[in-house]
Number of protein chains: 2
Amino acid sequence: MKILVVDDEVKLADAIGELLIRNKYMADVVYEAQDGLYYAEHGDYDCIILDVMMPQMDGFEVAERLRKNKCSVPILMLTAKDDIASRVKGLDCGADDYLAKPFAVEELLARVRALTRRKTEIVSDVLTYGDISLNTNNYTLSSGTKSVPLGAKEYEILHMMLNNPTQVFSKDVIISRVWGLDSDITENNVEAYMSFLRKKLFFVGSKVSISSKRLLGYHLEYNQ
Amino acid sequence: MKILVVDDEVKLADAIGELLIRNKYMADVVYEAQDGLYYAEHGDYDCIILDVMMPQMDGFEVAERLRKNKCSVPILMLTAKDDIASRVKGLDCGADDYLAKPFAVEELLARVRALTRRKTEIVSDVLTYGDISLNTNNYTLSSGTKSVPLGAKEYEILHMMLNNPTQVFSKDVIISRVWGLDSDITENNVEAYMSFLRKKLFFVGSKVSISSKRLLGYHLEYNQ
DNA sequence: GTTTACCTTAAGTTTACCTAAAAGTCGCAT
DNA sequence: ATGCGACTTTTAGGTAAACTTAAGGTAAAC
């Protein structure tokens, strides 16, 4: 679960980022609206925490632009102003929720959970495709009677692919999704993990395989 | 856009219902938690406005039961209690938002708008022309029941042509778009790929063909 | 009839991809 | 602290798929 924090108050932004990380989220933190826009559109986040009061471009405008560009990631707006007019404005600009500063960390976390819940609910707690299933509670891949535990990265990659089993995922997309936008991970890293996953798929005796398309990416395949 | 209002305070519930109707929503209003559950599960709503304090069964439990039954309709919880603990509880029970009474009608409407906004229509990432379609998620060309995967270069060329199906594309243009401006690719290369694409068009049994105009370039053609 | 652009296929070549194995991290328990 | 084990990242060499080139054939234009 990846979250983007956009707030020009550096200390607060960092604090939120750390709070999220302590609670098992992946978090990217940026301090400028411009960067926020860029990250949001390229980073594939599950939620964006967006401050309203920022120099140059305010949170309303960021939200509006994102929505205009068909970006539908849930947005939690954060602000000092707590009058009804600005709440209404925030929500109508595309925010999904609105939280006034100062806030209790518990409430922030609860609202983040609420905003990100839908995504995980649709997925239920077991993803399946062909003859394999991925248990999202214990990070285990199984097929028939055999099963094998997955590491965090292996899990994230397979989880992503199982959500759209027919789609081809480019290495870029996989890197930005699993490692984040500003990581210096090489493409070979993705290749290595694909190799690990293939080994495990073979180990559980599945007929599902990861097929690669040169220059395009990877996708799942079920050979009955 | 259909909304369900569940609140045992009859006058308030009716008021909300009328407010919604004045704002172009369809609204059903019920005054008991049990009815709320039944309506929610059988009524196909876009949003549920749910009071917390109700006799017999409170709003938390209603939300929880709905979520347990895989009902993913957005829930806006309405309550007199406005302490952080109950907000957190509400959100964690499955509510998507939490609004304290008394509230401004403008804010209620804004939150409903926010909750119902994400009626995500899945953008079909498919380009079509005549009897063929090109799936941009898995780089596959299909016609009727048959389909065939494309290589990266084949895909780029066909993608470009499908964006303007009637246009004639010169080899120069194709080279500069697909291989880049400063490539030492020969025109024969384009010819070779056109041959590959024609083979695949034939393979899927399409009536679309790539026709060439001497000295000018290539374009798609659909012979019904 | 000659020219020349275009088509096709098959052979060559590159380079993206694969994998094993080593090196590096991190967390955890002793 | 220290060492162990699991996970992650890097390295490096082999392989084969996709791309490129070449060459002979076909058909359109003049």
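Below, chains carry the letters A, B, ... as their sequence lines are ordered, and counting in each starts from 1.
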Chain B vs DNA chain C, heavy-atom contacts under 4.0 Å, first-to-last nucleotide span, 5' to 3', is C:dT4 to C:dT9
Under the ring-ring contact (aromatic ring centres under 6.0 Å, His included) test, which residues partner [X], sequence neighbours left out?
{"X": "A:Y139", "answer": "A:Y155"}
{"X": "B:F196", "answer": "B:Y193"}
{"X": "A:Y218", "answer": "none"}

Nearest-Å distance for atom pair [atom1]/[atom2], residues [X] and [N]:
{"X": "B:D184", "N": "D:dT20", "atom1": "CG", "atom2": "C1'", "answer": "10 Å"}
{"X": "B:I185", "N": "D:dA18", "atom1": "CD1", "atom2": "P", "answer": "17 Å"}
{"X": "B:I174", "N": "D:dT20", "atom1": "CD1", "atom2": "P", "answer": "14 Å"}
{"X": "B:E187", "N": "D:dT20", "atom1": "CD", "atom2": "C1'", "answer": "15 Å"}
{"X": "A:M194", "N": "D:dT9", "atom1": "CE", "atom2": "P", "answer": "14 Å"}
{"X": "B:I157", "N": "D:dA18", "atom1": "CD1", "atom2": "P", "answer": "15 Å"}
{"X": "B:Y193", "N": "D:dT21", "atom1": "OH", "atom2": "C1'", "answer": "12 Å"}

Are any of A:W179's side-chain N or O atoms less than 4.0 Å away from OP1 or OP2 of D:dT9?
-> yes
What is the nucleic acid contact for A:A152, judged by heavy atoms within less than 4.0 Å: base, sugar-phosphate only, or nothing?
-> sugar-phosphate
For B:Y218, which contact category applies under a 4.0 Å heavy-atom criterion: base, sugar-phosphate, or nothing?
-> sugar-phosphate
Classify every nucleotide of nucleotides 24-30 of chain D by which part a protein heavy atom approaches to under 4.0 Å, writing B for the base, S for the sugar-phosphate alone and - for neither, in 5'-to-3' order.
-> ----BS-
Between A:D96 and A:R111, does at least one N-O distance fall below 4.0 Å, as a salt bridge requires?
-> no
If you measure from the Lys or Arg side-chain nitrogens to the Asp or Glu carboxylate oxygens, is any gap between B:E61 and B:R65 under 4.0 Å?
-> yes
Would you mind writing out the side-chain donor-acceptor pairs for residues 127-135 of chain B within the sub-3.5 Å range, not counting sequence neighbours?
{"unit_1": "B:D131", "atom_1": "OD1", "unit_2": "B:S206", "atom_2": "OG", "d": "2.6"}
{"unit_1": "B:D131", "atom_1": "OD1", "unit_2": "B:K207", "atom_2": "N", "d": "3.4"}
{"unit_1": "B:D131", "atom_1": "OD2", "unit_2": "B:K207", "atom_2": "N", "d": "2.9"}
{"unit_1": "B:N135", "atom_1": "OD1", "unit_2": "B:N137", "atom_2": "N", "d": "2.7"}
{"unit_1": "B:N135", "atom_1": "OD1", "unit_2": "B:N138", "atom_2": "N", "d": "3.4"}

Could you go through residues 158-175 of chain B and list every donor-acceptor pair under 3.5 Å that involves a side-chain atom there, pairing it with any protein atom two or more places apart or in another chain?
{"unit_1": "B:S170", "atom_1": "OG", "unit_2": "B:V173", "atom_2": "N", "d": "3.2"}
{"unit_1": "B:K171", "atom_1": "NZ", "unit_2": "B:E191", "atom_2": "OE2", "d": "2.9"}

Identify, with sequence neighbours excluded, every residue that meets side chain to side chain donor-acceptor pair (under 3.5 Å) alongside B:D92.
-> A:R113
Only counting residues at least two apart or in another chain, list the ones meeting side chain to side chain donor-acceptor pair (under 3.5 Å) with B:D51.
-> B:K101
Scan for salt bridge (Lys or Arg N to Asp or Glu O under 4.0 Å) pairs involving residues 209-224 of chain B, sequence neighbours excluded, and state none if there are none.
-> none
Scan residues 139-167 of chain B for pairs that pass salt bridge (Lys or Arg N to Asp or Glu O under 4.0 Å), counting only residues two or more places apart or in two chains.
-> B:E154-B:K200
Does A:T186 or A:K200 map to a spot on DNA chain D nearer the 5' end, using the closest nucleotide for each?
-> A:K200
Does one side chain, of A:Y45 or A:D28, offer a donor that lies under 3.5 Å from an acceptor on the other?
-> yes
Just the dot-bracket of DNA chain D, please: which string comes out with Watson-Crick or G-U pairs under 3.5 Å, [ ] for crossing, | for another strand?
-> ||||||||||||||||||||||||||||||
Comparing B:L216 and A:K199 on DNA chain C - which has the more 5′ nearest nucleotide = B:L216
